[in-house]
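Below, all heavy atoms of this structure are taken into account, side chains as well, without hydrogens, waters or symmetry copies. A quick note: this is a predicted structure, and the numbers were derived from the prediction, not measured. Every chain is numbered from 1 and lettered A, B, ... according to where its sequence line falls, protein lines coming before strand lines.
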Amino acid sequence: MPVNSRPARGMRDFLPEDVRRREYVIAIVSDVYQRYGFEPLETPALENIETLTGKYGDEGHALMFKVLRRGEHEASGETDLALRYDLTVPLARVVAEHRGKLPKFFKRYQVQPVWRADRPARGRFREFYQCDVDAIGSRSMLIETELCAAVSDVLMALGFRDFVLKLNHRRLLTGVLSSAEIPETLHGAALVAIDKLDKIGIEGVRAELAARGIASTSAERVLEVFAGGLDLQRARDVLAAVPDALAAIGELEDIIALSAATSAGPYLRFDPTLARGLSYYTGAIMEIAVPDLPGSLGGGGRYDGLIGMFLGEDIPACGFSLGLERILVVMAERGMFPAHVQRGVAAVLVTLFEGEPAEEALRLASELRAHGLRVELYPEPDKLGKQFKYAASRGIPRVAILGSDERARGVLTIKDLTTGAQTTVGRAEAPAALGAVDET
RNA sequence: GUGGGUGUAGCUCAGUGGUAGAGCGCCGGAUUGUGGAUCCGGAAGUCGCGGGUUCGAUCCCCGUCAUCCACCCCA
């Protein structure tokens with residue numbers, strides 16, 4: 001009885017073309033981040049459960065994949081480990097654990113899978129890669145500015161031109177909510193509603209706020225602030241009595257002013273309704289939007305209190321996370337991958353005929369490989385037509401024909417499947433004729 | 001987690017309460033050293049799974065799983 005061969009819900013197998021696409025994007029992400037001085041980091045898939053609890057809010061906690069205790073304790077149903085839920089909390093743990101070995105300003109990037117027990121949807125999976133960059137140890141707004149620039153560089157290098165880098169500030173939001181006399185316990189609920197303003201409109205948000213238990217007088221004050229297209233100048237006026245919010249506005253103004261000198265400048269836009277779900281953010285928050293995706297391509301922000309939860313002493317930190325899967329979904333739909341990413345691996349197929357010595361073909365293949373060519377050897381004797389067909393179906397552009405005629409004359413016949421042209425060259429010229437670039 | 005759509009050949013999808021279909025792809029041949037075009041032929045499906053109604057279910061009903069869309073939330 002065959003067993004179901006599907007991967008577990010929300011998990012995927014990556015076939016060769018999938019892997020090539022993923023590696024293409026990851027290479028660009030890593031390259032750009034390295035140019036900004038970020039260094040690579042990897043952390044374990046599993047974390048102790050107490051490392052992760054209390055960092056993501058109730059909703060996040062519910063989506064965590066927890067691991068049962070093993071051995072005799074398994075039956076108890078207790079969990080002591082969990083699959084990592086993001087790359088930020090493990091980073092905070094690493095900083096607390098290895099503080100003495102890390103530089104004063106620790107800048108790291110990390111591309112690894114994370115797991116969430118969410119319901120799968122387009123661009124949403126239960127196992128997915130995040131590409132994080134974070135800078136630890138500075139409160140300067142240059143950090144936010146450079147992170148936005150790095151992310152913009154990545155997206156531009158991938159071919160995106162129509163993204164928006166939304167920018168907001170946690171303390172501006174809490175300032176608005178507090179001045180509207182919304183109790184702190186309802187801030188989260190209120191933010192979720194406000195976040196939908198561009199989607200469901202003022203009436204929708206009004207209904208949503210009411211449904212979430214916000215007093216109507218408070219709701220009206222909030223709507224008054226957000227409804228009329230709040231810019232930073234107006235925010236200053238409206239929140240003149242809330243010093244903390246004014247400081248937040250000042251930070252946003254700094255980031256925007258500084259970003260004019262970076263690639264992020266044209267893409268950055270203050271969005272007062274941007275909220276973001278993770279509970280650890282304390283300062284500026286960012287998110288990338290593209291028109292064809294309802295969700296975001298990535299997001300980030302400042303979290304000056306998170307490392308302190310491990311260390312007992314606060315260390316400022318700020319980071320950004322790109323969602324690899326979301327980027328891949330959009331790039332695939334828009335056909336943004338260059339041709340070399342789509343093509344098969346081998347540049348040349350070496351033929352093999354019935355009754356011919358395989359050693360000759362092996363020798364030719366290894367000779368070509370020594371010249372840097374990617375060479376696939378047809379593994380069993382077959383009709384030439386079959387071998388051509390195979391090469392064509394694999395996307396291999398050239399076939400090196402080595403049969404009895406060629407061996408007798410000491411030559412090689414080369415067929416270019418893209419043009420149909422066929423040439424005969426001496427064995428010594430074969431590598432160059434097949435496109436090898438001599439490195440010596 | 002809530003609501004709705006879909007599940008039939010490798011892929012895209014038709015179809016009917018009475019023995020299962022097309023296009024594309026695949027395989028073979030025309031062409032035993034020449035792919036892509038054309039022609040001829042061929043293989044292939046417990047109609048997602050389990051139960052129920054029925055003389056009989058791929059079709060109707062219930063459940064379940066998968067998948068997609070919207071909501072929720074998010075990368």
Side-chain angles (χ1 to χ4, degrees), chain A residues 1-2 4-12 25 29 56-64 84-88 111-132 151 188-189 191-193 195-196 199-200 204 208 211-212 274-279 286-290 293-300 319-330 349 351-356 378 381-407 413-422 424:
Chain A
M1 193 57 160
N4 178 9
S5 59
R6 314 174 80 93
R9 180 186 171 121
M11 315 272 168
R12 292 158 301 155
V25 173
V29 168
Y56 304 112
D58 291 344
E59 193 106 26
H61 197 259
L63 297 178
M64 224 153 64
R84 68 171 164 250
Y85 184 87
D86 71 357
L87 302 178
T88 307
V111 180
Q112 283 193 281
V114 304
W115 292 267
R116 294 182 193 175
D118 216 336
R119 184 169 179 164
R122 184 171 81 111
R124 177 197 281 175
F125 307 93
R126 292 181 141 190
E127 176 181 54
F128 61 99
Y129 275 65
Q130 292 192 323
C131 313
D132 277 34
V151 165
L191 289 177
V192 167
D195 192 43
K196 295 185 199 166
K199 211 161 160 189
I200 59 178
E208 184 102 10
R212 287 167 185 269
L274 173 65
R276 294 194 56 75
L278 297 173
S279 57
M286 293 88 81
E287 195 165 279
I288 306 163
V290 284
L293 206 67
S296 72
L297 236 43
F320 208 104
S321 178
L322 285 175
L324 179 64
E325 322 301 339
R326 298 272 168 91
I327 289 173
L328 287 165
V329 164
V330 175
L349 179 79
T351 59
L352 189 63
F353 295 110
E354 194 66 61
E356 309 260 323
Y378 201 83
D382 211 338
K383 290 191 228 173
L384 187 57
K386 290 290 171 57
Q387 306 195 45
F388 277 176
K389 212 167 177 177
Y390 176 77
S393 73
R394 293 269 290 139
I396 300 173
R398 279 179 289 274
V399 178
I401 305 162
L402 184 61
S404 49
D405 295 356
E406 286 82 5
R407 280 211 323 285
T413 300
I414 296 166
K415 170 103 172 183
D416 188 320
L417 292 183
T418 57
T419 64
Q422 187 165 311
T424 299

d([atom1], [X]; [atom2], [N]) in whole Å:
X      : N      : atom1 : atom2 : value
A:R9   : B:rC68 : CZ    : P     : 10 Å
A:R276 : B:rC74 : CZ    : P     : 8 Å
A:Y390 : B:rG33 : OH    : P     : 20 Å
A:E406 : B:rU34 : CD    : C1'   : 11 Å
A:K415 : B:rG33 : NZ    : C1'   : 11 Å
A:F125 : B:rC74 : CZ    : P     : 18 Å

Could you check whether [X] gets within reach of a base, just the sugar-phosphate, or nothing at all, counting any heavy atom under 4.0 Å?
X      : result
A:Q422 : base
A:S321 : nothing
A:E356 : nothing
A:R212 : sugar-phosphate

Using the [atom1] atom on both, measure [N] against [M] and round to a whole Å.
N      : M      : atom1 : result
B:rG3  : B:rA57 : C1'   : 29 Å
B:rA44 : B:rA14 : P     : 25 Å
B:rG45 : B:rC60 : C1'   : 23 Å

Could you point out which residue of A:W115, A:F128, A:Y56 forms a ring-ring contact (aromatic ring centres under 6.0 Å, His included) with A:Y85?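 Of A:W115, A:F128, A:Y56, ring-ring contact (aromatic ring centres under 6.0 Å, His included) with A:Y85 is met by A:Y56 alone.
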
First encountered from the 5' end of RNA chain B, between A:R119 and A:Q130: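 Per heavy-atom nearest nucleotide, the more 5' residue is A:R119.
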
Specify the residue among A:G403 and A:Y129 whose closest nucleotide of RNA chain B lies further upstream toward the 5′ end. A:G403

